[in-house]
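This report refers to the structure that appears directly beneath it.
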Amino acid sequence: MNSNDFKRINPYLYEIPASYRADMRAPARFYADAELLRAALGDKSLDQLVNSATLPGIVAYALAMPDIHQGYGFPIGGVVATRVPDGVISPGGVGYDINCGVRLLGTRLNREDVAPYLDQLATQLQRNCPHGVGRSGEFVLNQKQMETVVRQGARWALTGGYATEEDLERTEENGVIAGADPAKISARAFERARDQLGTLGSGNHFIEVDVVDEIFDETAAARMGLVRGGVVAQIHCGSRGFGHQVCTDYVARFQRVVHQYGIVLPDRELVCAPLSSPEGQDYLAAMKGAANYAFANRQLLTHLIRRSFAETLAGAVDDHSVYQIYDIAHNMAKIEEHEVDGQRVRVCVHRKGATRAFGPGSPVLPEVYRDIGQPVLVPGSMGTASWVLVGTEGSMSQSFGSTCHGAGRMMSRSRAKKEVQGGELRRKLEDRGIRIRAGSLAGLAEEAPQAYKDVDRVIEVVHGAGIARKVARLVPVIVVKG
DNA sequence: ATGTCC
């Protein structure tokens, strides 16, 4: 594949026609500029995008966001909507980290308030928030409690005083997706995850403290309590070993039956089952359970962040309270209604490394955000900016209410580890005034900013294409990683 | 992403 295979629809959108390959059931569209197109041609992600356009029941087109990169079967940064009930659902279209997502927390503090306490705050955050591969935390659940988390998501955390009603209201789906069924989740998944709630994990997961660097939409920013120089905190993590095991289990189960449904796959990793099949329905119920676990996980991390702010700042500042701005998923499949060619259609929207971005007026948004559109949280690579956006009418009409999710990896983990020295990277970031707390220097090297695309460029594309609108740009002052 | 191979 090369750039000649693409038709340029507008300055921010390319298309591969369905005639490109005989097995495509729809065209493939890629939101990008010339440089991001060149970057994406460096791995298999665009071939994976074309593969995803062969799925039975696909509606309109397969979509790729500007931060696309290679994933399991599907590209990370892909959006595929399949028709209900005759389309398919694919675990690879969701990803191994089910409901990996981002939570943004606000404070009443500004940069000057926290400046003297940044080292102490960084240390407390690292101490309080368990991090690293396989790491367990202080919340150890029995089977019954786990099943409650599966059914209730972040709402489960109300009972222990780890959540407020406002936190839940300001979470996608109010922090709980209906229809989760613990009976569809394996004993092994439960065993792996019962001591992992309220833990960060590793890889690109992080907790950050950021300062608002620039405001682009005063009205929307004010609604979220964002002011220039204001301090916010960000959580990026997912469902830990729980979602991973659910995905593993269902990929194996789907592989055993996919041939029975007469589905021909260009890549084994694209394995799927009809939405109406027992396998499809069971996966959906299990995936919802893992998604609810992830919402609960980010909720408990919120509790630990509040504890860290209190321990560091109580008595030192007037108000150290931490409130929820929003929490979004970027690895999920959801049944939604969208308008396609003037018709309302029910579809299963697979968003893998893509964020829901519902526009103004959507009834699923909390009242405080209904007229500005859904907040969209886009973390950049380590040490670079992160963005707050809102969903638009354009995302609703063009991209099944979806937009990008991050900077997008450009260099493999192994290459980054070879080319980047973790200790040196940490020094460089610390020299720029960013407090780094990293569990592993090798892990830090894998997340080096040079291994990622330029998040500001990614944002220019989605903003320019109209599938999200800029609200605020954030820059980090503390980064905590596994 | 992931008890980075039950």
Side-chain angles (χ1 to χ4, degrees), chain A residues 43 45 48 67-78 90-103 130-137 140-141 146 185-207 235-253 269 286-287 289-291 293-295 297-298 301 328-333 350-355 379 381-382 405-418 422 438-448 451-452 480-482:
Chain A
D43 65 19
S45 57
Q48 293 183 324
D67 49 331
I68 184 178
H69 56 117
Q70 198 175 311
Y72 179 85
F74 289 66
I76 295 160
S90 175
V94 172
Y96 272 83
D97 191 2
I98 294 166
N99 188 7
C100 186
V102 182
R103 177 173 294 209
H131 47 88
V133 184
R135 185 67 190 274
S136 56
V140 181
L141 277 60
M146 279 294 288
I185 296 173
S186 69
R188 182 183 283 189
F190 280 108
E191 191 45 48
R192 271 180 81 167
R194 56 186 289 263
D195 61 357
Q196 289 190 328
L197 265 187
T199 68
L200 188 58
S202 65
N204 62 1
H205 290 168
F206 63 78
I207 288 170
I235 302 167
H236 176 217
C237 78
S239 49
R240 308 288 285 104
F242 200 53
H244 191 273
Q245 192 61 48
V246 167
C247 185
T248 302
D249 292 341
Y250 277 90
V251 164
R253 183 170 165 202
E269 294 183 357
M287 184 215 70
Y293 181 95
F295 282 132
N297 189 33
R298 290 196 289 275
L301 285 167
I328 52 93
H330 56 224
N331 279 0
M332 191 90 94
H350 299 70
R351 296 189 183 92
K352 180 187 192 178
T355 310
S381 51
M382 185 173 51
H405 89 304
R409 184 171 281 280
M410 196 160 54
M411 188 191 289
S412 71
R413 289 185 179 281
S414 52
R415 208 184 120 198
K417 214 186 298 196
K418 223 180 318 178
S440 127
L441 284 179
L444 197 73
E446 291 183 8
E447 296 304 316
Y452 283 83
V480 178
K481 296 191 66 70

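This one's a predicted model, so the numbers in the text were calculated from it and none came from an experiment. The chains referred to below are lettered A, B, ... by the order of the sequence lines, with proteins before strands, and numbering in each begins at 1.
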To the nearest Å, how far apart are [X] [atom1] and [N] [atom2]?
X        : N     : atom1 : atom2 : result
A:Lys481 : B:dT2 : NZ    : C1'   : 15 Å
A:Asp249 : B:dC6 : CG    : P     : 12 Å
A:Tyr96  : B:dT2 : OH    : P     : 13 Å
A:Asn331 : B:dT2 : CG    : C1'   : 13 Å
A:Arg135 : B:dT2 : CZ    : P     : 14 Å

- Would you please say whether a donor-acceptor pair under 3.5 Å links the side chains of A:His236 and A:His405? no
- Message: Between A:Gln48 and A:Gln70 (side chain of the first, backbone of the second, donor and acceptor by atom type, cut-off under 3.5 Å), is there such a pair?
- Response: no
- Task: Give a yes or no answer on whether the side chain of A:Asn331 reaches the backbone of A:Gly101 with a donor-acceptor pair at less than 3.5 Å.
- Result: no
Hey, does [X] reach any base, or is it just sugar-phosphate, or nothing, if we go heavy atoms under 4.0 Å?
X        : answer
A:Glu191 : nothing
A:Gly238 : nothing
A:Arg413 : sugar-phosphate

- Task: Start with the C-alpha distance between A:Ile185 and A:Phe242, add both sets of side-chain angles, then the distance that settles side chain to side chain contact (heavy atoms under 4.5 Å, CB included), and finish with yes or no.
- Result: CA-CA 9 Å; A:Ile185 296 173; A:Phe242 200 53; 3.8 Å; yes
- Query: For B:dT2, does OP1 or OP2 lie under 4.0 Å from any side-chain N or O of A:Thr248?
  - Reply: no
